[in-house]
Q: 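One structure coming up, written as structure tokens, with questions to follow.
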2 protein chains.
Amino acid sequence: MRRWWRIWASALLAAMAMHAPVQAEDGYDLWLRYQPLPEAQRVAVAPYAHSVVAEERGSDGTIAIAAGEIERGLAGLVGPSDEAAPGSGHVVLIGTAAAPSIAALDLPLTTLGEDGFVIRSVARGGKHMIVVAANRPVGVLYGAFALLRRLQTGADVTAFDLRETPRVALRLLNHWDNLDRTVERGYAGQSIWDWWKLPDYADPRYTDYARANASIGINGAVLNNVNARPDSLTGPWIAKAAKVADVLRPYGIKVYLSARWSAPVELNETATADPLDPAVATWWKAKANEIYRAIPDFGGFLVKANSEGQPGPQDYKRSHADGANMLAAAVAPHGGIVMWRAFVYSQVDPEDRAKQAYSEFKPLDGAFADNVVLQVKNGPIDFQPREPFHPLFGAMPKTPLMIEFQITKEYLGFATHLAYLAPMWEEALGADTYAKGKGSTVAKVVDGSLERHRLTGMAGVANIGSDRNWSGSTFDQANWYAFGRLAWDHALSSEAIAREWAAQTFAPDPAVVDPVVAMMLESRQAVVDYMTPLGLAHLMATGHHYGPGPWVSDLARPEWNPVYYHRADREGIGFDRTASGSNAVAQYAPPVARRFADRSRVGDDYLLWFHHVGWDERMASGRSLWAELVHRYDRGVASVADMQARWAALEPRIDDARFEQVTRFLAIQRQEATWWRDASIAYFADVSKRPLPEGVRPPAHDLDHYKAISHPFAPGHH
Amino acid sequence: MRRWWRIWASALLAAMAMHAPVQAEDGYDLWLRYQPLPEAQRVAVAPYAHSVVAEERGSDGTIAIAAGEIERGLAGLVGPSDEAAPGSGHVVLIGTAAAPSIAALDLPLTTLGEDGFVIRSVARGGKHMIVVAANRPVGVLYGAFALLRRLQTGADVTAFDLRETPRVALRLLNHWDNLDRTVERGYAGQSIWDWWKLPDYADPRYTDYARANASIGINGAVLNNVNARPDSLTGPWIAKAAKVADVLRPYGIKVYLSARWSAPVELNETATADPLDPAVATWWKAKANEIYRAIPDFGGFLVKANSEGQPGPQDYKRSHADGANMLAAAVAPHGGIVMWRAFVYSQVDPEDRAKQAYSEFKPLDGAFADNVVLQVKNGPIDFQPREPFHPLFGAMPKTPLMIEFQITKEYLGFATHLAYLAPMWEEALGADTYAKGKGSTVAKVVDGSLERHRLTGMAGVANIGSDRNWSGSTFDQANWYAFGRLAWDHALSSEAIAREWAAQTFAPDPAVVDPVVAMMLESRQAVVDYMTPLGLAHLMATGHHYGPGPWVSDLARPEWNPVYYHRADREGIGFDRTASGSNAVAQYAPPVARRFADRSRVGDDYLLWFHHVGWDERMASGRSLWAELVHRYDRGVASVADMQARWAALEPRIDDARFEQVTRFLAIQRQEATWWRDASIAYFADVSKRPLPEGVRPPAHDLDHYKAISHPFAPGHH
């Protein structure tokens with residue numbers, strides 16, 4: 001009889017599926033899809049599905065969210081099923097020590113800090129419990145998501161013994177979102193912040209945003225572009241930010257704002273923005289007080305000053321420290337911080353751009369207030385497909401340094417090129433600065449362990465927009481996910497993160513996960529190869545940075561031109577940053593400097609970043625540099641073809657909508673990788689006067705053809 | 001036993017509902033929600049749900065879509081149910097006469113034209129059929145949607161005897177969408193056209209767009225802004241348009257493009273854009289050929305020329321007819337048309353702006369080629385909350401005139417104010433031009449019946465964008481819907497359309513439909529009252545047109561300033577357009593002109609449009625004009641409060657997400673209606689030097705407060 005019911009129920013469900021409005025997988029659910037588990041695991045999880053116990057549910061909004069998430073998650077993982085009926089006696093128990101049932105378990109919560117959690121399987125009198133506990137409700141929320149993630153990656157419900165604490169305190173998204181709802185370097189539609197309707201209407205999507213971020217441990221969001229407008233600090237805009245903060249708060253996410261240095265002057269409220277003028281300090285104190293009245297847990301300010309035309313303290317002959325400390329004093333009474341960006345280069349200084357941030361900030365080590373953290377990009381130029389690590393890491397021991405990654409793919413093909421960025425970030429974090437001897441990795445600088453800093457963090461420039469799938473493409477969701485996971489634990493490998501993401505986003509089936517992960521892991525090197533191989537950088541077209549522009553040489557400032565970076569001529573190519581050149585290598589600790597300066601030890605990845613190399617010099621491969629360069633371009637295109645083949649084979653295992661979109665985007669990537677390859681080879685052949693190596697396919701068009709291509713309506717260029 | 005199954009099934013379904021990812025009503029489904037019908041009707045419809053017969057399904061894409069839509073619709077209307085099992089013998093039979101089963105029924109298809117359809121209930125041997133038949137597949141598709149609409153508004157399945165043909169041939173949306181994906185006067189996010197990814201990737205949303213339009217009979221879309229860029233006519237952009245055309249084609253929707261007059265010059269392909277220069281004509285012919293190669297059923301061009309800074313034939317001292325006819329010759333061999341906009345006013349002419357289009361175009365009657373249609377806005381200024389009908393209607397008997405409505409609410413509060421526009425359009429269409437005596441309504445001009453024109457149409461400036469709910473608000477979906485329905489049949493009343501829409505969008509329950517319709521029907525007059533009562537117009541703030549700006553007087557051209565339109569001074573207010581003033585009344589047929597010119601017959605709605613009236617003159621109400629004006633502002637605010645109360649009472653009957661959004665938006669509208677009222681009263685009190693009538697609440701702030709309000713980041717202002 002029971003069997004018969006099941007058949008009948010299946011038929012009914014099939015009919016319903018047919019009847020339901022056709023709801024394609026549009027990507028909105030991200031990695032939180034909670035699809036039914038494989039059968040054996042499904043049966044093991046089912047008894048817990050209706051028994052989530054959370055004593056603080058009624059008293060704490062965050063615990064209520066955590067409990068609801070587990071219920072929603074388990075319901076999805078178990079699917080509709082009669083085993084799921086209540087009364088099994090198995091429970092999921094969640095809470096902080098304020099909950100008597102948690103307190104009674106005597107768990108080792110003391111070492112978990114503010115955000116950590118434990119997950120334990122506990123058997124009592126024949127019944128099983130899964131316990132998620134933490135010191136603060138937000139830790140419970142993180143634990144709830146961790147539990148669901150583990151279940152989707154094969155965890156045994158009876159064997160949880162897990163303890164996690166995040167490695168850095170500030171795990172932040174930086175939204176480069178403008179007040180008119182455009183997004184600088186945004187390739188996923190408009191800003192998700194519908195400023196115009198705020199504060200009167202908060203789009204329900206803000207809640208979904210908060211949930212997705214909490215699921216990966218992100219705990220802060222800078223709402224507006226670092227190229228900030230003064231308006232964002234006026235009353236109406238503070239009210240809008242406050243409304244967003246109200247939505248994000250229960251998810252453990254604080255709101256921060258980018259501050260425009262000259263705001264008080266532009267708002268006609270001070271005569272100067274000199275940080276040492278008392279009227280200026282008073283203005284910022286009053287402004288901070290105003291913000292904290294609206295947003296009691298406001299996180300603080302992010303500042304881009306004296307960089308790319310933005311105003312700053314140097315306009316008044318004051319230092320970055322003078323500026324940062326004045327702002328820091330304004331927010332300090334409220335527990336706020338200032339994140340001061342080290343991304344500066346002068347509009348007049350002829351010094352190698354790669355050296356300027358170090359030159360500017362290194363002397364200021366020790367000069368910053370306690371609640372200031374410097375925010376340093378992973379590399380010394382600007383989010384290129386590959387850069388060596390930034391020389392400031394390890395060079396400012398007395399100053400906390402956050403790392404800034406760019407999740408949005410400004411220089412890596414926007415939303416249509418598949419490029420999984422975690423390997424790039426892993427590479428940066430794993431780089432050894434030798435600041436305190438071998439093993440002084442960038443990660444240890446960033447997590448504070450090298451110099452025992454308390455203020456630690458990672459910032460990611462968000463790739464989130466109003467597009468239904470949030471990030472413009474399915475695979476770009478993985479970059480958001482990976483950023484959050486690495487900010488939580490930089491010791492996770494990019495492969496492990498890819499596996500988690502693929503299992504949750506598509507299916508835990510290894511026949512899906514394995515090829516998807518393989519695509520992801522080869523994807524970033526593919527972009528490096530077809531855009532900027534062998535340590536080349538910044539060869540993208542002007543302004544929007546889409547497509548090749550290695551020939552561009554007519555922009556006003558030398559360092560705006562690709563030719564500044566590649567320095568190709570008839571003899572060779574590459575930027576000599578050794579002692580015979582700009583000597584940028586000297587900004588690194590001696591063991592690193594020696595390696596980078598040594599043509600035989602620097603390695604292919606950074607070769608042309610640090611060296612000007614003759615076209616005919618032999619590479620480790622035995623090829624001439626010219627032949628190697630062409631080989632790399634070809635290899636990049638071939639990698640995309642490989643990704644296409646892997647993806648095509650997945651057709652039976654992926655839903656139609658996402659399969660189709662990824663297929664189309666890979667086709668675009670293939671076509672544009674070929675464009676990059678052909679245009680670059682045409683240009684460098686012209687400069688080097690070298691013939692194409694034997695057997696190499698000539699570019700499809702002549703160089704003038706590629707030079708004539710323009711994209712006046714490219715997105716993200718505001 | 002059967003009863004027991006049902007109980008069990010209900011429990012299962014309830015559990016699934018709980019388990020399913022929480023899918024809020026986000027508005028994406030528009031009026032195509034297909035929710036289960038009330039029980040009696042549900043039972044009657046169920047036997048048809050699994051038996052849609054469409055012999056042409058395999059051979060015609062449009063028929064396949066129609067059949068699929070009926071299946072999807074009936075499945076939703078019937079809901080999951082065991083009565084829905086196949087084998088009832090009842091069928092829905094659809095097709096054209098090419099299907100033998102349709103041909104056998106000998107239906108009166110000959111008079112249906114290209115787009116009409118019949119729906120008949122037919123009983124044969126104890127079995128019932130619902131037959132949907134037409135001459136062309138698109139007629140069958142229209143019939144399919146009509147069938148589903150009728151079922152949702154209470155039709156008896158056994159009594160269909162319906163025949164419909166559209167009143168106008170061209171039922172077009174005009175998208176003011178720019179190539180960078182901004183939308184001029186768009187308040188629903190970005191353009192739905194993701195130009196950057198076209199033609200390589202067609203967002204599945206384009207299909208949903210086509211389906212929604214087909215459901216209300218829309219058969220054409222002008223993809224790009226009338227303020228056009230020359231780029232849209234280049235090869236890459238033609239390819240993008242062609243891809244969109246491929247998606248829209250099976251839904252019976254043709255693609256049109258806005259053409260920039262100076263395109264060939266700006267593209268450096270001709271030396272001039274003089275329409276009489278043979279090189280120019282040759283260029284356009286070649287361009288048309290190029291477009292038709294990519295889009296064989298391309299509809300034609302829409303042109304805004306010599307208007308608001310756009311280039312045009314007058315730059316070469318040629319007439320609008322010279323320009324239109326040259327373009328018309330280019331598309332004529334392909335069956336294309338040219339829609340030439342009559343929205344022109346000179347940047348130098350001091351003539352009353354309301355008169356200029358008539359002055360310009362009336363003398364050209366008879367001068368246009370056969371495949372040119374003039375596109376005339378409903379009123380002589382620019383989509384104000386209320387305008388008298390445009391004097392060109394009825395004044396150009398030899399020329400086909402389309403009417404242009406603005407669905408997007410540029411002047412009526414963007415997306416957050418609830419304003420159902422069908423009453424405004426109904427008012428315009430029902431206006432009597434007296435061109436050929438009484439009964440010569442604008443509708444008869446537009447549908448060609450007055451002068452037997454073949455080329456007939458209505459254009460609506462779309463309110464569609466990338467927002468999840470398409471139109472920025474739930475109630476703005478009704479304006480899209482109403483435009484389509486009126487374009488199909490202008491004899492439908494705005495109330496009937498509102499009832500249809502409310503039943504499909506919310507629920508057929510009269511307890512929902514009645515109050516929703518009541519809100520809708522009072523909403524537009526509310527906006528008129530709190531923004532521009534008694535025939536006032538164009539008092540909105542500069543540029544973005546949001547909020548009050550009646551005091552603005554400093555813009556370069558007189559007709560850009562609100563003071564030009566209201567002409568208020570210490571003595572009175574209003575624009576004298578009688579013989580003692582601009583004599584714009586003389587552009588109307590004598591009976592109309594006499595009524596408009598007669599202070600006692602013109603009526604309150606157009607009073608200050610045509611007359612300058614003393615503040616102390618008595619109105620029909622017995623109040624002075626000044627008191628009446630204040631009364632109207634108060635009445636507008638009160639109407640919004642009334643809508644709020646009606647909506648609040650609907651809380652138990654509306655899903656949470658939409659209830660909440662509408663509630664919030666009504667709160668914004670209430671607040672802003674009050675702002676309009678207070679600012680306007682403060683200003684006119686200042687100008688008139690009149691004290692507030694007794695008992696009237698003074699404005700909350702002084703006039704300077706209102707003058708200081710600005711909105712630098714208002715949407716839609718590109």
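The chains referred to below are lettered A, B, ... by the order of the sequence lines, with proteins before strands, and numbering in each begins at 1.
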Q: Which heavy atom of B:Q190 sits nearest to which heavy atom of A:G189, and what is that distance?
A: OE1-CA, 3.0 Å
Q: Sort B:P236 into side chain, backbone, both or neither according to what part of it lies under 4.5 angstrom from a heavy atom of chain A.
A: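 No part of B:P236 comes within 4.5 Å of chain A.
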Q: State, yes or no, whether a side-chain contact exists between A:F665 and B:Y201 at a heavy-atom distance under 4.5 Å.
A: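 A:F665 reaches B:Y201 side chain to side chain.
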Q: Within this structure, what is the CZ-CZ distance for the pair A:R468 and B:R205, rounded to the nearest 0.5 Å?
A: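 One finds 9.0 Å between CZ of A:R468 and CZ of B:R205.
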Q: At what distance, to the nearest 0.5 angstrom, does CG of A:D467 lie from CG of B:D194?
A: 6.5 Å
Q: What part of A:F414 gets within 4.5 angstrom of chain B, counting heavy atoms only: side chain, backbone, both, or neither?
A: side chain
Q: How many angstroms lie between NZ in B:K197 and CD1 in A:I668, if you round to the nearest 0.5 Å?
A: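 With rounding to 0.5 Å, NZ (B:K197) is 8.0 Å from CD1 (A:I668).
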Q: Find the one option among A:N178, A:D180, A:T663 whose heavy-atom pairs under 4.5 Å with chain B are most numerous.
A: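 Of A:N178, A:D180, A:T663, A:D180 has the most heavy-atom pairs under 4.5 Å with chain B.
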Q: Identify which part of B:R229 has an atom lying under 4.5 Å from any heavy atom of chain A, answering side chain, backbone, both or neither.
A: side chain
Q: In terms of heavy-atom proximity below 4.5 Å to chain B, should A:A657 be classed as side chain, backbone, both, or neither?
A: neither
Q: Taking atom CZ of A:F713 and atom CH2 of B:W237, what is their separation to the nearest 0.5 Å?
A: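 Rounded to the nearest 0.5 Å, the CZ-CH2 separation comes out at 6.0 Å.
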Q: Is it the side chain or the backbone of B:D231 that comes within 4.5 Å of chain A heavy atoms, both, or neither?
A: side chain
Q: Counting heavy atoms not belonging to A:D656, are there more than 12 under 6.0 Å from its CG?
A: no
Q: Which answer fits B:L179, side chain, backbone, both or neither, if we ask what part of it has an atom under 4.5 Å from a heavy atom of chain A?
A: both
Q: Using heavy-atom distances under 4.5 Å, tell me whether B:Q661 contacts chain A through its side chain, its backbone, both, or neither.
A: both
Q: Do you know the tightest heavy-atom contact between B:W196 and A:P715?
A: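 So the minimum-distance heavy-atom pair works out to CD2-CD, 3.3 Å.
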Q: Check whether B:Y546 gets within reach of chain A through its side chain, its backbone, both or neither, counting any heavy atom under 4.5 Å.
A: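 Side chain only.
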Q: For A:Q671 and B:D200, what are the C-alpha separation, side-chain angles and deciding distance, and is it a side chain to side chain contact (heavy atoms under 4.5 Å, CB included)?
A: CA-CA 10 Å; A:Q671 180 181 308; B:D200 301 290; 3.7 Å; yes
